Amino acid sequence: MTAINFKQIEEKWQRRWADANAFDAELSSAKKFFFTVPYPYTSGPLHIGHGRTYTLGDIIARFKRLQGYNVLFPMAFHVTGTPILAIADSIARGEEEVVARFKEYIAIYEDADKVDELLNSFRSAENVANFFAARISEDFKRMGYSIDWRRKFNTTEPVYNKFIEWQFKKLYDKGVIKKGKYPITYSIVDDSAVGEDDIEGGDTEKVAVIEHTAIKFKLADGSYLIAATLRPETIFGVTNLWINPAARYVKLKAGDETWVVSKEAAEKMGLQKDEITVFDETEGSVFVGKIVKELVCGREVPVLPASFVDEDVGTGVVYSVPAHAPYDYIALEDIKKSESLELEPIKIIDIEGYELPAKEICERMGIESQTDERLEEATKIIYKDEFYRGVLNEKCGEFANVKIADIKDEVKDWLKRENIADVFYETSRKAVTRGGDKVIVAVLQDQWFIDYTPEWWKELGHKLVEGMTFYPEKYKTYMHDIVDWLAFRPCARKRGLGTQFPFEKGWIIESLSDSTIYMAMYTIAHLLRQLPVDALTEKFFDLVFLDIGDAQELSNELNVDADVLNRIKNEFMYWYPNDLRHTAPPHLSNHLVFFLMHHAAIFPESRWPRAITLNELMIREGKKMSKSKGNVIPLADVSELYGVDLYRLYCAINADFATVVNWREQDTEALRKKLNAVVELFEDSIDAESINEAELTHIDRWLLSRLYRRLRESVELFEAFRIREAGINIIFNAMNDIRYYEQRQDKDRRKKLVRSVMEEWLIILSPIVPHVCEEIWHELHESFISVQTLPELNEAFIDDRVEREEEYLVSLISDIKEILKVARLEPTKIYVYTAEDWKWVLFRAIKDLPDKDKIREAMKLRKDKSTVEFVKQVMKSKLDYFELGEPEVIEREKEYLAKEFGCEIGLNEEHDPKGKKRFAVPLKPAIFVEG
RNA sequence: GCGGGGGUAGCCGAGCUGGACAAAGGCGCAGGACUUAAGAUCCUGUUCCGUAGGGAUACGUGGGUUCGAAUCCCUCCCCCCGCACCA
């Protein structure tokens with residue numbers, strides 16, 4: 001047998017599918033199935049983890065095709081947003097890390113001598129996008145995906161811009177596009193928003209926007225020292241302020257008040273609030289020793305120096321709560337060593353297990369110095385303990401006796417209402433852009449949002465979700481929750497690639513907001529190219545998508561043939577809605593919920609999406625795949641390293657959708673052997689002549705029954721998206737059946753039998769491993785297997801009785817083996833005694849009775865001591881009832897049994913020296929071994 | 001914390017609408033067949049006890065419900081994912 005050259009046949013069939021436009025979907029009278037997978041973002045190569053989703057998607061698409069659906073499976077490319085722009089900028093700046101990474105990426109696809117030139121072209125975002133879009137589409141072709149490529153587009157094309165504009169107009173008309181304030185991460189140097197991808201290390205260590213409460217402390221001159229805190233409820237326990245004597249502080253006008261904050265904080269405030277004017281700058285030491293009045297209880301507390309205060313975190317002023325903050329406690333103790341101070345911690349939180357929490361945690365951890373790094377950890381421990389278990393005590397006025405977790409926001413709101421506090425935003429960690437500029441938080445005063453909160457919208461959303469199918473099902477409930485949780489979402493940015501925001505110049509539509517209903521584009525994208533872009537007006541899309549307006553009228557207005565308009569509209573009307581979208585769970589709370597909500601808002605119910613399937617991610621050798629770990633396998637290498645069908649089989653069989661799949665080299669090898677064995681089986685059987693039904697033996701019938709049953713089950717499993725089980729059934733289990741058969745029968749007969757089920761088998765297998773199936777199929781037929789429809793399976797071969805008989809035999813053999821093993825016998829003759837007729841009569845009579853009634857009922861029929869013994873045996877052996885002519889089966893298989901055990905078999909003979917006969921029960925014969 | 005998912009044999013992983021489960025499948029390991037040999041393939045075994053098809057103990061921990069629990073409920077411990085404006 002020659003090993004099949006997978007790579008060669010992959011290329012061959014991919015080429016032939018492409019030449020024949022095998023997967024181009026046209027309108028027809030057949031029932032349609034419009035299937036989508038999210039378009040890839042073209043900022044780099046895809047890896048085998050991404051491939052899992054696309055591969056399972058393709059398997060579904062191919063399965064639907066064999067079920068007779070007219071399947072549309074299109075693809076496009078996502079280009080909008082900031083990452084690609086950030087990449088181009090980084091490359092233009094010559095950032096080493098990015099340059100190195102992209103050289104590597106290019107080298108995946110190109111010869112070494114072209115790398116530098118291409119990299120140079122990557123200074124333009126457009127070139128980055130185009131390069132990867134082209135390579136990814138090559139990858140997809142090489143994976144054998146059955147995509148209709150005529151409909152591809154990318155999200156920066158004018159056609160797409162027009163489509164997105166239309167969509168936003170529809171939303172605007174619904175009144176959900178709004179303006180408001182919004183805090184964002186921001187670079188002062190660039191004067192623009194920065195996203196995760198612009199931040200140094202932003203992909204591994206996220207930077208969040210954190211809301212601090214900025215509390216005012218009144219100085220003698222009427223101005224305020226502003227101390228920012230994450231724990232406003234501790235204001236009741238303040239004993240003093242901390243200020244860094246060496247840092248620079250400024251005075252600023254905020255409204256009609258004068259505030260003192262660090263110089264850095266003032267700069268941030270300038271970007272967070274209107275009307276901030278800085279007018280004076282001094283050193284922190286100026287304030288040391290002054291007395292300030294806290295405005296909650298009106299107590300007077302001193303300002304003390306502290307080295308741990310960072311002028312670039314918060315406002316550079318910190319209020320001290322030594323009872324509950326480890327930093328404050330240690331700093332206070334330090335000062336007390338050199339000066340005599342009358343300050344004592346004020347305990348305001350009662351919590352089990354602590355008297356004075358800050359003191360005790362420091363003592364427990366052995367922290368004694370302000371510079372001890374473990375102070376951070378101590379703070380976290382206390383914070384967490386107090387937040388969830390702590391209760392404010394009687395010193396906290398109206399907030400007393402309430403858990404911190406329940407009262408924190410109320411305290412914060414109250415402080416703001418009383419004008420004792422303001423809001424101050426800070427990043428969750430210190431961060432810089434990839435260009436090295438500081439990242440701070442700015443508040444946009446006029447950010448555009450989509451407001452998902454209107455009642456009507458939520459209701460539609462829930463209705464849509466309720467009417468959909470989700471697999472795995474648990475995601476349906478989850479999606480309802482997400483619909484409820486969704487509120488305001490910024491939908492435009494100042495920077496990035498994308499469509500101009502139609503309602504205000506200078507804004508670009510944010511890239512998840514432009515990827516919500518784009519499936520509609522697939523239905524018509526290839527036709528739109530025939531039209532001038534100017535013709536893609538609001539009325540045009542209204543006509544095509546919503547059937548509003550008249551084609552003839554619009555034809556005159558746009559100067560476009562009415563037939564063309566109708567053709568486009570018909571195409572949309574035929575394909576829409578999206579019957580199934582297949583993706584991964586991380587998209588649930590962003591892309592998918594927008595997908596659903598926007599459909600709910602814009603389209604009538606008949607055009608709402610029908611189903612969503614989701615598969616978990618892929619890891620490799622137990623670890624997450626990531627660039628930084630260097631353990632990524634590019635999709636482009638799959639063909640070379642493993643072979644596409646093997647990869648597809650792995651994706652299909654190794655885990656259910658709901659499970660993270662682990663890519664293990666070792667397992668790929670095991671699977672390769674299995675795949676080879678299957679291919680070999682088919683190749684080996686292909687020339688066999690068909691078998692005459694009249695000459696089928698019991699075991700022949702058994703094999704056919706098993707195989708047809710498996711095929712039938714697999715179709716049902718596929719239908720339910722249980723691809724893993726379907727695959728296991730028609731590969732692993734079916735191969736086991738054949739192996740078993742070969743032990744029972746000779747190979748030539750097997751070939752004939754396999755040949756007789758082979759075509760159906762191949763068709764059902766083809767969604768998973770299309771290339772080898774295509775190859776084998778073509779030894780029999782001219783047409784593509786990939787576009788075959790599965791014929792009716794020959795159900796007549798599925799025969800319960802035949803399978804039961806074989807089961808019976810197997811269990812008899814295993815019983816005998818067990819006896820031989822335990823008794824350590826070399827058999828000279830094996831006696832088998834089947835149950836006598838009266839036992840069968842009773843067996844039938846009591847089979848459906850509950851255990852407790854069985855003996856009584858049996859005794860009614862046959863009054864004898866042996867009846868009781870028999871019924872007890874039946875109950876113990878938990879036999880599943882079915883009718884079987886036991887002696888006939890054993891008689892028929894006597895020869896086989898004799899061969900199996902190398903001795904004579906006696907059936908129901910008188911000879912019974914050990915009195916075993918009486919132990920026989922129906923379906924479980926008694927056995928005596930002589931040896 | 002909130003929300004979601006888990007913890008199963010040496011390993012990976014099914015089962016988890018309660019009963020036929022000592023627990024699929026794969027890997028590993030051991031023995032055997034084939035082979036000059038290796039590889040590949042196939043067979044057998046892989047908790048413990050047992051000279052008759054049986055029994056005992058097992059599915060993170062500790063309880064509970066039940067005639068019966070890996071499967072249902074509760075306690076605790078541990079792990080993973082998401083918590084947004086970012087594709």
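Below, read A as the first sequence line, B as the second, and so on, with proteins coming before strands; counting in each chain starts at 1. Here the structure is a predicted model, which is why all the values come from computation and not from measurement.
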TODO: Could you tell me the separation between the CD atom of A/E616 and the CZ atom of A/F657, rounded to the nearest 0.5 Å?
DONE: 12.0 Å
Task: Sub-4.5 Å side-chain heavy-atom contact between A/R918 and A/Y833 - done: no
Open item on the list: Taking 4.0 Å as the cut-off, does a side-chain nitrogen or oxygen of A/S511 come that near to OP1 or OP2 on B/A87?
Closed with: yes
Open item on the list: Would you measure the distance from the P atom in B/U17 across to the matching atom in B/C11 and give it in whole Å?
Closed with: 25 Å
TODO: Give A/F449 one of three labels, base, sugar-phosphate or nothing, depending on what nucleic acid heavy atoms sit under 4.0 Å from its own.
DONE: nothing
Task: Length of the line joining A/F594:CZ and B/C86:P, which is rounded to integer Å - done: 12 Å
- [ ] Rounded to the nearest 0.5 Å, what's the gap from OH on A/Y425 to OH on A/Y182? Could you check?
- [x] 9.5 Å
Open item on the list: Holding to side chain to side chain donor-acceptor pair (under 3.5 Å), I want the full list of residues that pass it with A/Y452, two or more places apart in sequence or in another chain.
Closed with: A/H598
Task: Stems where RNA chain B pairs, listed by first number, each of three or more Watson-Crick or G-U pairs under 3.5 Å - done: B:1-7 with B:77-83, B:10-12 with B:25-27, B:28-33 with B:41-46, B:47-49 with B:54-56, B:62-64 with B:72-74
Task: Sugar-phosphate, base or nothing in reach of A/S43, heavy atoms under 4.0 Å - done: nothing
TODO: Measure from CD on A/E725 to C1' on B/A14 and round the result to the nearest Å.
DONE: 9 Å
Task: Atom pair distance, as rounded to whole Å: CG in A/L588 and C1' in B/C81 - done: 12 Å
- [ ] Round to a whole Å and report the spacing from CG of A/L486 to P of B/C83.
- [x] 14 Å
Show each protein N/O and nucleotides 6-11 of chain B N/O combination with a separation under 3.5 Å, one pair to a line.
none

Task: Identified salt bridge (Lys or Arg N to Asp or Glu O under 4.0 Å) partner of A/R706 from the options A/E803, A/E806, A/E713 - done: A/E803
Open item on the list: Aromatic contact between A/Y650 and A/Y642, with the criterion being ring centroids under 6.0 Å apart: yes or no?
Closed with: no
Task: 4.5 Å side-chain heavy-atom contact, A/P586 and A/H591 - done: no
- [ ] Could you go through the side-chain contact (heavy atoms from CB on, under 4.5 Å) check for A/H587 and A/L614 one step at a time?
- [x] CA-CA 9 Å; A/H587 295 132; A/L614 303 119; 5.9 Å; no
Open item on the list: Can you tell me if A/R672 touches the phosphate of B/G26, counting only side-chain N or O atoms and a distance under 4.0 Å to OP1 or OP2?
Closed with: no
Task: Distance in angstrom units between A/N590 CG and B/C85 P, rounded - done: 10 Å
TODO: For the side chain of A/T659, starting at C-beta, report the closest nucleotide among B/A14, B/A87, B/A84.
DONE: B/A14
TODO: Would you kindly compare A/H587 and A/D481 by the position of their nearest RNA chain B nucleotide and give the one closer to the 5′ end?
DONE: A/D481
- [ ] Between B/U71 and B/U61, how far apart are the P atoms? Round to whole Å, please.
- [x] 11 Å
- [ ] Check whether any side-chain N or O of A/H480 sits under 3.5 Å from a backbone N or O of A/T477 as a donor-acceptor pair, and report yes or no.
- [x] no
- [ ] Specify the separation, in whole Å, of atom CE of A/M597 and atom C1' of B/C85.
- [x] 16 Å
TODO: Check whether any side-chain N or O of A/Y41 sits under 3.5 Å from a backbone N or O of A/I84 as a donor-acceptor pair, and report yes or no.
DONE: yes
Open item on the list: If we check side chain to side chain donor-acceptor pair (under 3.5 Å) with A/R709, which of these qualifies: A/D800, A/N733, A/N729?
Closed with: A/D800
- [ ] Using a 4.0 Å heavy-atom cut-off, write out nucleotides 38-53 of chain B from 5' to 3' as B (base contacted by protein), S (sugar-phosphate only) or - (no contact).
- [x] --SSSS------BSBB
Open item on the list: Suppose you measure atom P in B/C74 against the same atom in B/A22; what distance do you get, rounded to whole Å?
Closed with: 28 Å
Task: Of the listed nucleotides B/C86, B/C85, B/C12, the one nearest the side chain of A/N662 - done: B/C12
TODO: For B/U35 versus B/G25, give the span between their C1' atoms, rounded off to a whole number of Å.
DONE: 29 Å
- [ ] Give A/H591 one of three labels, base, sugar-phosphate or nothing, depending on what nucleic acid heavy atoms sit under 4.0 Å from its own.
- [x] nothing
TODO: Decide yes or no for A/L897 and A/L812: does some side-chain heavy atom of the first lie under 4.5 Å from some side-chain heavy atom of the second?
DONE: yes
Open item on the list: Check for me whether the distance between the ring centres of A/F168 and A/W448 falls short of 6.0 Å.
Closed with: no
Task: Those residues that, when tested against A/E233, pass side chain to side chain donor-acceptor pair (under 3.5 Å) (two or more places apart) - done: A/K408
TODO: Using atom CG of A/D484 as one end and atom C1' of B/C83 as the other, report the distance to the nearest whole Å.
DONE: 16 Å
Open item on the list: Tell me whether A/K458 contacts the main-chain N or O of A/V483 through its side chain, where contact means a donor paired with an acceptor under 3.5 Å.
Closed with: yes
Open item on the list: Say we look at B/G64 and B/G1: how far apart would their P atoms be, to the nearest angstrom?
Closed with: 27 Å
Distances for protein N or O near nucleotides 21-25 of chain B N or O, under 3.5 Å:
none

TODO: For nucleotides B/U65 and B/U47, find the distance between their P atoms and express it as a whole number of Å.
DONE: 33 Å
Task: CD1-CD1 distance between A/I927 and A/I816, expressed to the nearest 0.5 angstrom - done: 4.5 Å
Open item on the list: Whole angstroms only, please: what is the CG-P distance between A/L671 and B/C27?
Closed with: 10 Å
Task: C1' spacing across the pair B/U46 / B/C80, given as an integer number of angstrom - done: 31 Å
Task: Between B/C48 and B/A58 - C1' atom distance, rounded Å - done: 11 Å
Open item on the list: Is A/S589 close enough to B/C83 that one of its side-chain N or O atoms is under 4.0 Å from OP1 or OP2 there?
Closed with: no
